[in-house]
Amino acid sequence: MKNESQLLIFSKMIEIRRSQELLIEEYHPSDQMRCPIHFCVGQEASPAALTNLLRKKDVIYSHHRSHGYFLAKQGSLTGMIAEFYGKDIGVNGGLAGSQELSCTKTNFYSGTILSGAFAMSAGSAFASNYLKDDYVTVAVIGDGGMEEGIVFETINLAAKKNLPILFICENNNYSIFTPLKERTLRKDLYLKVKEFGVEAIKISSNDAFEINEVYEQSINEIKNKKKPVFIEINTYRYCPHVGPEENSDYRS
């Protein structure tokens, strides 16, 4: 990896982390942000690792913990913060808030309906093939979202239709307050995806440079073979599920 790419990834990690910390400081006691917010402190590595790999025409469909991926897709930090305050200059005119944060200029979309944005990635990738437009779609989901039936319908369709999608599952081990071991017998989520004939990889490292190398190899394979790739990445959110307040009884 070239030094310029390393610097870009590291700078993006700093931007994501500091923006979240400052927003957390402002969230209370001022209470001027007009929406619930899911902060991504501790989960900066995955989005930062994408920042030098995606072109403007490539598309991201993110879960509701979306700030890192929004910034990695070159979304406006000012526009994002203004959106949370309900300002007209917000990236969605102050109407979408955090969980529906989107930007058509950078081809970034997120959604609060669990796994809904993940499912829409199939339509985006189908359009890429149909129109011969040669762009890659990235679909981001959490481990909790992986329990929705529409997820496996999407993966099955992507496999059957050879859709150019990079599926990313951020496994932070909790669906709100419930740990993974209490929700499923198989803790390695990527193994479930392999059953659909999709190449599936697990990354246990939180090193953004290592993740970047895996992402780059996967994106190149998607472009060359026109087939989806699924990556499960073990991560951990330092912040609560939503908002800055923590009920720490459920985890160490």
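Side chains are part of it too, since the values below use all heavy atoms of this structure and drop only hydrogens, waters and symmetry mates. Numbering of residues begins at 1 and proceeds along the displayed sequence.
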Is the side chain of K73 donor-acceptor paired with the backbone N or O of C103 at a distance under 3.5 Å, no angle test?
no
Verify whether one side chain among S98 and H38 offers a donor that lies under 3.5 Å from an acceptor in the other.
no
Does any pair with a residue in residues 222-231 pass salt bridge (Lys or Arg N to Asp or Glu O under 4.0 Å), and if so which ones, sequence neighbours excluded?
D134-K226, E221-K225
Is any side-chain heavy atom of S46 closer than 4.5 Å to one of Y69?
yes
Does I16 form a side-chain contact (heavy atoms from CB on, under 4.5 Å) with C40? I'd like the steps, not just the answer.
CA-CA 8 Å; I16 296 169; C40 60; 3.7 Å; yes
Separation between CD1 (I155) and CD1 (I150), nearest 0.5 Å, reads 11.5 Å
Cluster partners of L22, using ILVMFWY side-chain heavy atoms under 4.5 angstrom, listed by chain and number?
none
According to the ring-ring contact (aromatic ring centres under 6.0 Å, His included) rule, which pairs have a member within residues 211-235, sequence neighbours left out?
none
In terms of hydrophobic clusters joined by side-chain contacts under 4.5 Å, are Y190 and I203 together?
no
Taking Q20 for its side chain and F39 for its backbone only, find out whether a donor-acceptor pair lies under 3.5 Å.
no
Co-members of the apolar cluster containing M13 [side chain, <4.5 Å]
none
Residue pairs, two or more places apart or on separate chains, that pass salt bridge (Lys or Arg N to Asp or Glu O under 4.0 Å) and touch residues 58-72:
R55-D58
Using side-chain contact (heavy atoms from CB on, under 4.5 Å), reason through H63 and F118 one step at a time and then give a plain yes or no.
CA-CA 7 Å; H63 52 24; F118 184 91; over 6 Å; no
Could you state whether I37 and I176 fall into the same hydrophobic cluster, counting links through intermediate Ile, Leu, Val, Met, Phe, Trp or Tyr residues with side-chain heavy atoms under 4.5 angstrom apart?
yes
Can you tell me how far the SG atom of C239 sits from the CD atom of Q43, to the nearest 0.5 Å?
7.0 Å
So, H241 versus Y250, ring centres under 6.0 angstrom or not?
no
Can you pull out every salt bridge (Lys or Arg N to Asp or Glu O under 4.0 Å) where at least one residue sits in residues 82-107? Sequence neighbours excluded, please.
none
State whether the number of non-hydrogen atoms from other residues, nucleotides or ligands found under 6.0 Å of Y85 atom OH is greater than 12.
yes
Taking only residues two or more places apart in sequence or in another chain, which ones pass side chain to side chain contact (heavy atoms under 4.5 Å, CB included) with Y238?
R17, V41, Y236
Quick one, T137 with S128, criterion side-chain contact (heavy atoms from CB on, under 4.5 Å). Give me CA distance, side-chain angles, the key distance, then yes/no.
CA-CA 9 Å; T137 298; S128 177; 5.5 Å; no
In Å and rounded to the nearest 0.5 Å, what is the CZ to CG distance from R18 to L77?
11.5 Å
Once salt bridge (Lys or Arg N to Asp or Glu O under 4.0 Å) is applied, what residue pairs with a partner in residues 184-197 remain, sequence neighbours excluded?
D188-K202
Please identify each residue that fulfils side chain to side chain contact (heavy atoms under 4.5 Å, CB included) with Q74, with sequence neighbours left out.
K12, T51
Do F196 and L191 share a hydrophobic cluster, counting only Ile, Leu, Val, Met, Phe, Trp and Tyr and linking them when any side-chain heavy atoms are less than 4.5 Å apart?
yes
Hydrophobic clusters join Ile, Leu, Val, Met, Phe, Trp and Tyr when side-chain heavy atoms are under 4.5 Å apart, directly or via other members; which others share one with L157?
none
Interatomic distance, CD1@I231 vs CD1@I201, rounded to 0.5 Å, equals 4.5 Å
Cluster partners of V59, using ILVMFWY side-chain heavy atoms under 4.5 angstrom, listed by chain and number?
Y61, Y109, M120, Y135
Residue pairs, two or more places apart or on separate chains, that pass side-chain hydrogen bond (donor to acceptor under 3.5 Å, both in side chains) and touch residues 142-168:
D143-R183, E147-R183
So, taking the atom named OG in S205 and the one named CD in E213, what distance separates them when rounded to the nearest 0.5 Å?
10.0 Å
